[in-house]
Amino acid sequence: MSPDGRLSSYVRKFWILDNSTSEVPGATKYALPNTCFTLALIWGNGLIVDFPDKASHMTAGNYMVGELTTKISVTVLPYTKAFMVQLSPWAASLLSDCSFHELTNQFSTIMDINKGLARSFLNINNLDNTGTKQHILKVLECYLYPTAASEFIASCFHLFETHSTAIPFKIGDLSSFTGYTIRGIEKKFHRHVGLTPKHTFAILKIRLVVNELIAPTDRLSLTTLAYKYGYADQSHFTKTFWSVMNSLPSKFDQTHYILPSKT
């Protein structure tokens, strides 16, 4: 489900994991890093999520999930529904003043990072998906107004998105673009995103590669993909892909992942 209006620059999309009528767990699927944060509103028995450090049982409740650096597996337990809100990287700092590097590959209850926001998510009618979406947007609208920090992060991501994928990214480019020192940029990313700029750009490139791999037509060879996205050679490409996906690009099977039906 897509967001509406002004908030579309902060809220990327809504997605629903619905196993509410089944007495058996849903098929385990993988979620991929995408440089976004996620709000997870969970009802029922919960989710089993295999984060890099350990598997966690996310019981019924409301959570903020931080940036991911590798794919994670998600299993929806019986009689469970989860409503997920994908936030742009610059939106999280508008919802909490916590240091987001502490949430990388982790999750926290929303109550622990913003009590007012958590209370606003109580008593949502989870049977009405459109109503749930509108309730969430109404709540978020009270928080999602730009600050100097959020506009800085957004401007950096704009540079990432317009930077040629065939040319290696250098943090000096961000420094020239924003006027901040390299150290200043790294500190802001550490606090407001939870990843380094270099790691962020690497994940964005891998996601573009995934989009190529799931394209229904005109799929490129792995060698062509490697050079298109600025990897020194196919070996470098494969090693970087493995670091995020824990699999080879030649073995990628989109049916194992939580992905949009088309890109």
(request) For L122 and H135, work out which heavy atoms get closest and say how close. (result) O-CE1, 4.4 Å

(request) For T109 and D112, test the side chains for any donor-to-acceptor distance below 3.5 angstrom and give the result as yes or no. (result) yes

(request) Any chance you could measure L47, atom CG, to F107, atom CZ, to the nearest 0.5 Å? (result) 9.5 Å

(message) Under a 3.5 Å distance rule, please check whether T80 uses its side chain to pair with a backbone N or O of P78 as donor and acceptor.
(response) yes

(request) Work out which heavy atom in F177 is nearest to a heavy atom in L159; give both atom names and the distance. (result) CB-CD2, 3.8 Å

(request) Please collect all salt bridge (Lys or Arg N to Asp or Glu O under 4.0 Å) contacts where either partner lies in residues 16-31, sequence neighbours excluded, each pair once. (result) none

(message) For a quick test of reading the model, state the closest non-hydrogen atom pair linking P3 to F14 and the distance between them.
(response) CA-CE1, 4.0 Å

(message) Which heavy atom of T75 sits nearest to which heavy atom of G26, and what is that distance?
(response) CG2-O, 3.6 Å

(request) Check the side chains of N105 and T69 for a donor-acceptor pair under 3.5 angstrom, ignoring hydrogens and angles. (result) yes

(message) Main chain of L144, side chain of R6: is a donor-acceptor contact present, judged purely on distance under 3.5 Å?
(response) yes

(message) Any non-hydrogen side-chain atom of V139 less than 4.5 Å from a side-chain atom of L117?
(response) yes

(message) Taking the side chain as everything from C-beta on, heavy atoms only, tell me whether T147 gets closer than 4.5 Å to F152.
(response) no

(request) Could you tell me whether the side chains of S150 and S93 share a donor-acceptor contact shorter than 3.5 Å? (result) no

(request) Please check if atom CG in N123 has more than 12 non-hydrogen atoms from other residues, nucleotides or ligands closer than 6.0 Å. (result) no

(request) For F121, enumerate each residue passing the ring pair (Phe, Tyr, Trp, His ring centres under 6.0 Å) test, keeping only those at least two apart in sequence or located in another chain. (result) none

(request) To the nearest 0.5 angstrom, please state how far the CG atom of N45 sits from the CG atom of N19. (result) 9.5 Å

(request) Check for a donor-acceptor pair, side chain of S243 on one end and backbone N or O of T240 on the other, with a separation under 3.5 Å. (result) yes

(message) Quick check: closest heavy atoms across L17 and M84, and the distance to 0.1 Å?
(response) CD1-CE, 4.1 Å

(request) May I ask you to list the residues sharing a hydrophobic cluster with L248, side-chain cutoff 4.5 Å, ordered by chain and number? (result) W242

(message) In this structure, would L94 and L103 fall into the same cluster of hydrophobic residues linked by side-chain contacts under 4.5 Å?
(response) yes

(message) Under a 3.5 Å distance rule, please check whether T35 uses its side chain to pair with a backbone N or O of L204 as donor and acceptor.
(response) no

(request) Indicate whether any N or O donor in one side chain lies under 3.5 Å from an N or O acceptor in the other, for Q86 and T38. (result) no

(message) Between W43 and Y79, is there shared hydrophobic-cluster membership here, with clusters defined by ILVMFWY side-chain heavy atoms closer than 4.5 Å?
(response) no

(message) Cation-pi check for Y229 against K205: NZ or CZ below 6.0 Å from the six-membered ring centre and within 45 degrees of the axis, yes or no?
(response) no

(request) Mind checking the CD1-CE spacing from I113 to M64? Nearest 0.5 Å is all I need. (result) 4.0 Å

(request) Determine which pairs satisfy side chain to side chain donor-acceptor pair (under 3.5 Å) with at least one residue from residues 178-194, sequence neighbours left out, and list them in order. (result) H101-H190

(request) For the residue pair Y231 and H236, categorise the inter-ring angle as parallel (less than 30°), tilted (30 to 60°) or perpendicular (more than 60°). (result) perpendicular

(request) Find the distance between OH (Y10) and CG (L95) and round it off to the nearest 0.5 Å. (result) 10.5 Å

(request) Give the cluster check for V209 versus I214: same hydrophobic cluster or not, with ILVMFWY residues linked at side-chain heavy-atom distances below 4.5 Å. (result) yes

(message) For H57, is the NE2 atom crowded, meaning more than 12 foreign heavy atoms sit under 6.0 Å from it?
(response) yes

(request) Flag the pair S88 / C36 as yes when at least one side-chain heavy-atom distance between them is below 4.5 Å, and no otherwise. (result) no

(message) A side-chain contact here means heavy atoms from C-beta on lying under 4.5 Å apart; do Q106 and D53 qualify?
(response) yes

(message) Quick one, M58 and V65 - any side-chain contact, counting heavy atoms below 4.5 Å?
(response) yes

(message) If you define the side chain from C-beta out and look only at heavy atoms, does anything of F83 sit under 4.5 Å from N126?
(response) no

(message) Against the six-membered ring of F37, is R12 placed for a cation-pi contact (under 6.0 Å from the centre, within 45° of the normal)?
(response) no

(message) In this structure, would L225 and L32 fall into the same cluster of hydrophobic residues linked by side-chain contacts under 4.5 Å?
(response) yes

(message) Working to the nearest 0.5 angstrom, can you tell me the gap between D173 CG and H163 NE2?
(response) 6.0 Å

(message) A quick test of your reading: do over 12 heavy atoms of other residues, nucleotides or ligands sit less than 6.0 Å from OH of Y30?
(response) no

(request) Please answer whether the main-chain N or O of G116 pairs with a side-chain N or O of S120 as donor and acceptor at a distance below 3.5 Å. (result) yes

(message) Could you check whether T224 and S221, counting side-chain N and O atoms only, form a donor-acceptor pair closer than 3.5 Å?
(response) yes

(message) If we ignore hydrogens and angles and just use 3.5 Å, is the side chain of K228 paired with the main-chain N or O of L220 as donor and acceptor?
(response) no

(message) Connecting only ILVMFWY residues whose side-chain heavy atoms lie within less than 4.5 Å of each other, what is the rest of Y227's hydrophobic cluster?
(response) none

(request) Answer with yes or no whether the hydrophobic clustering places V74 together with L68; edges join I, L, V, M, F, W, Y residues whose side-chain heavy atoms lie under 4.5 Å apart. (result) yes

(request) Return the set of residues passing ring pair (Phe, Tyr, Trp, His ring centres under 6.0 Å) with F189 (not counting sequence neighbours), or none when no residue passes. (result) none

(request) Kindly give the heavy-atom pair with the smallest separation between P197 and F160, and that separation in Å. (result) O-CZ, 3.8 Å

(request) May I ask you to test the V11-L87 pair for a side-chain heavy-atom distance under 4.5 Å? (result) yes

(message) Measuring from atom CD1 of I136 to atom CG of L7, what distance do you get when rounded to the nearest 0.5 angstrom?
(response) 11.5 Å

(request) Taking the side chain as every heavy atom from C-beta outward, state whether S247 and F241 have any pair of such atoms under 4.5 Å apart. (result) yes

